[in-house]
**Student:** 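Structure incoming, see below.
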Amino acid sequence: MTRRPYTHLSMSIGPGERPRVGISFYASITRARARVLESGRPYLVLESDEADVTVSTTGAGPVTAEDLDIARQIFNAAARYLADCERLHADHAQVNDSAA
């Protein structure tokens with residue numbers, strides 16, 4: 001079974017609650033980039049053909065200790081994602097090689 005790529009967007013708004021938006025990429029992210037604006041504010045962007053997600057500092061202001069903590073969490077999660085993708089890709093290639 002071949003699965004087609006897609007991007008899923010959800011939004012929920014409950015009475016007396018802040019809106020919550022979720023974006024899930026089940027498609028290739030076409031670009032991932034990080035830059036620093038002339039103002040000195042860093043940002044990270046994940047882009048696909050259907051959606052963009054931008055992460056930056058609290059209130060678009062100076063870098064806080066909390067911003068550093070989130071940046072470290074993003075870095076560690078991305079490193080784990082890479083390691084898992086590499087391992088699963090190698091496992092899949094090995095299974096295909098064995099079947100041939």
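As the structure is a prediction and not an experimental result, all values here were calculated from the model.
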**Student:** Heavy atoms, side chains only, cut-off 4.5 Å: are R87 and D84 in contact?
**Tutor:** yes
**Student:** Taking the side chain as everything from C-beta on, heavy atoms only, tell me whether L82 gets closer than 4.5 Å to E86.
**Tutor:** yes
**Student:** State which residues pass side-chain hydrogen bond (donor to acceptor under 3.5 Å, both in side chains) with R18; sequence neighbours excluded, sorted by chain then number.
**Tutor:** none
**Student:** Once rounded to the nearest 0.5 Å, what's the spacing between atom CD1 of I23 and atom CG of D52?
**Tutor:** 8.5 Å
**Student:** What heavy-atom pair brings S10 and H8 nearest, and what distance separates the two atoms?
**Tutor:** CB-NE2, 3.9 Å
**Student:** Tell me, do E17 and P15 make a side-chain contact under 4.5 Å, heavy atoms counted?
**Tutor:** no
**Student:** Quick one: does Y6's side chain get under 4.5 Å of R4's, heavy atoms only?
**Tutor:** no
**Student:** Looking at R33, I'd like to know if its CZ atom is crowded, meaning that more than 12 non-hydrogen atoms belonging to other residues, nucleotides or ligands lie closer than 6.0 Å.
**Tutor:** yes
**Student:** Using distance alone, with no hydrogens and no angle criterion, decide if T57 and D67 have a side-chain donor and acceptor under 3.5 Å apart.
**Tutor:** no
**Student:** Identify which one of I74, L46, V45 satisfies the side-chain contact (heavy atoms from CB on, under 4.5 Å) criterion when paired with V55.
**Tutor:** I74
**Student:** If we only count heavy atoms from C-beta on, is the M11 to P19 side-chain gap below 4.5 Å?
**Tutor:** yes
**Student:** Side-chain contact, heavy-atom cut-off 4.5 Å: L44 with T54?
**Tutor:** no
**Student:** Taking only residues two or more places apart in sequence or in another chain, which ones pass ring-ring contact (aromatic ring centres under 6.0 Å, His included) with Y43?
**Tutor:** none
**Student:** To the nearest 0.5 angstrom, please state how far the OG1 atom of T58 sits from the CD atom of E66.
**Tutor:** 6.5 Å
**Student:** To the nearest 0.5 Å, how far apart are CD1 in I70 and CZ in F75?
**Tutor:** 15.5 Å
**Student:** Any side-chain to backbone donor/acceptor pair from S56 onto P42? Under 3.5 Å, distance only.
**Tutor:** yes
**Student:** Count I, L, V, M, F, W, Y as connected when their side-chain heavy atoms are under 4.5 Å apart, and connections chain through other members. Are Y81 and Y26 then in the same cluster?
**Tutor:** no
**Student:** With side chains defined as the heavy atoms from C-beta onward, is the minimum distance between V63 and L68 less than 4.5 Å?
**Tutor:** yes
**Student:** For a 4.5 angstrom cut-off between non-hydrogen side-chain atoms, does T7 reach S24?
**Tutor:** no
